2 protein chains.
Amino acid sequence: MDQTETAPPPPRPAPKPAGKREQTKQQNRQIILDAARIVFAEHGYGATTVRDIIRATPLASGTFYNYFQSKEEVYQAMQDETALVIRPKLREAREKAGTVEEFISATFQTFFEFVLRDGVDVRAMRHNADTMRMRMDTPEVVAGFDELREDIEKAIARGLFPPVDADYLMAAIVGVAFEMSERMARRSEADAKAAADFATALFLGGIRSLPHTGNGKAADSGA
Amino acid sequence: MDQTETAPPPPRPAPKPAGKREQTKQQNRQIILDAARIVFAEHGYGATTVRDIIRATPLASGTFYNYFQSKEEVYQAMQDETALVIRPKLREAREKAGTVEEFISATFQTFFEFVLRDGVDVRAMRHNADTMRMRMDTPEVVAGFDELREDIEKAIARGLFPPVDADYLMAAIVGVAFEMSERMARRSEADAKAAADFATALFLGGIRSLPHTGNGKAADSGA
DNA sequence: CTAAGAAGTTGACGGGGCGTCACTGATCTG
DNA sequence: CAGATCAGTGACGCCCCGTCAACTTCTTAG
């Protein structure tokens, strides 16, 4: 690998009270996370060693363990970083919803668009397909699930939804979102809007209200 | 899959000689698989080493590699074993379906009942929750997904379903089935029928047709 | 039945990644 | 500015991995 300084997507945590020491610590943590993103995307989670990550940074091996306890912990930190980006988007999208239709539509639209545009690029996604589901129970990810369930419960309390099992409904939304994302990533012409329309129609009116394709096959199943 | 009759040459080793040697091989393979199931359930996938599995058998370390190439391969074999049990059940259930309702209902009913009764016990399921989704692309599991998509396409061809995107619909069913299974496993009083009714109603009529609970909370979120 | 060969098992071994820790140098504090 | 604190460093010991030559068990031809 010849990556020297290819800065990846994740955002910068800006405000620091800053001693020079604290500043360096934050930087190093981010350096490790950025390197990990590249290496995981390149070789996949299983094939990556902690040493691979370290070699992709200017740091020494021991330094890694000042920041993370293991490869798994870096991966979880990456997931948390991602969750922290999409959660506010989802929250905001759902807040504006005044109807079931808007609630569901906004959720899927936001999610699929994020996966396709702001998320990791498709090549990385596919390489990570084998790992992206493991340990979904990191704090920030779980918090995202909880927020969804809370929002459903609130919507029920407001009379927006019928009084259904919010936990199962949350699970169904999450399951469809993730599983469809994986299918979407395998299509050469992925279309967030079409995917969101499909999922939204399914949740609002069931199978009979799904958009028709004319032949029942996927428009494109990609390479 | 569909064998076009363009491949006659490979000689048929069809009749099983079933010598003592072959018998022992089958036994050893099963011994390893059974040990792996226990060890994975006990410590989780990530924390178990190949040596742990071997230590749980009367075999030597080298023997393991006569049967599997790695820890991952044992895990995949376990998944395949499971897939081989449930796939015929699902196929049979769907074959009898004459309507969309029956198709969907039979699928979820069969799946949730299997997970709860014939599947691994809940304790093991919860311990494996972090790993059960990884590498879902083993041959038998993928074959199960393909069968579902094929059955959907057939149903569309028969006019049973509207002509929708079969790939996305398959993904949606799979996503809901697995994600709801995980939630179900976390409830102390899991009810396959209730879960199946929920999922079936969702797919047939959307959110508004879901069974009401009276408060919108889960009946029980377990320990 | 027996002996040659095939098939499978064994466990020690070289290779390598893991996590640690004593040491060093940089930053902070009084 | 000196002493205290803290992060960085990289060699080290540990353990796991996958292999392989020697050994044991089974099969089969005569």
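Here the structure is a predicted model, which is why all the values come from computation and not from measurement.
- Take Lys71(B) and apply the side-chain contact (heavy atoms from CB on, under 4.5 Å) test, not counting sequence neighbours, and it matches Phe40(B), Tyr45(B), Thr48(B), Val50(B).
- For Arg183(B), the side-chain hydrogen bond (donor to acceptor under 3.5 Å, both in side chains) partners at least two apart in sequence or on another chain are Asp167(A).
- When the nucleotides dC17(D), dT9(C), dG8(D) are ranked by their closest atom to the side chain of Asn66(B), dT9(C) comes out on top.
- Checked against side-chain hydrogen bond (donor to acceptor under 3.5 Å, both in side chains), Ser70(B) has no partners two or more places apart in sequence or in another chain.
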Would you list the protein and nucleotides 1-5 of chain D atom pairs, both N or O, that sit under 3.5 Å from each other?
residue, atom, partner, partner atom, Å
dT5(D), O2, Arg21(A), NH2, 3.3

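- Residues satisfying the side-chain hydrogen bond (donor to acceptor under 3.5 Å, both in side chains) test with Asp80(B), not counting sequence neighbours, are Thr138(B).
- Remark: Lys20(A) is not in phosphate contact with dC28(C), judged by side-chain N or O atoms under 4.0 Å from OP1 or OP2.
- Taking the nucleotide of DNA chain C with the nearest heavy atom to each of Thr24(B) and Arg51(B), the more 5' of the two is matched to Thr24(B).
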Side chains of residues 103-112 of chain A: which donor-acceptor partners sit under 3.5 Å, not counting sequence neighbours?
residue, atom, partner, partner atom, Å
Thr107(A), OG1, Phe103(A), O, 2.8
Gln109(A), NE2, Glu113(A), OE2, 3.1
Thr110(A), OG1, Ala106(A), O, 2.6

Which donor-acceptor pairs under 3.5 Å do the side chains of residues 57-65 of chain B make with protein atoms, sequence neighbours left out?
residue, atom, partner, partner atom, Å
Thr57(B), OG1, Ile54(B), O, 2.8
Thr57(B), OG1, Leu59(B), N, 3.1

Side-chain donor-acceptor pairs of residues 28-36 of chain B under 3.5 Å, sequence neighbours excluded:
residue, atom, partner, partner atom, Å
Asn28(B), ND2, Tyr67(B), OH, 3.3
Gln30(B), NE2, Asp34(B), OD1, 3.1
Gln30(B), NE2, Glu81(B), OE2, 3.0

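- The stretch residues 57-64 of chain B touches DNA chain C through Leu59(B), Ala60(B), Ser61(B), Gly62(B), Thr63(B), each having a heavy atom under 4.0 angstrom from the strand.
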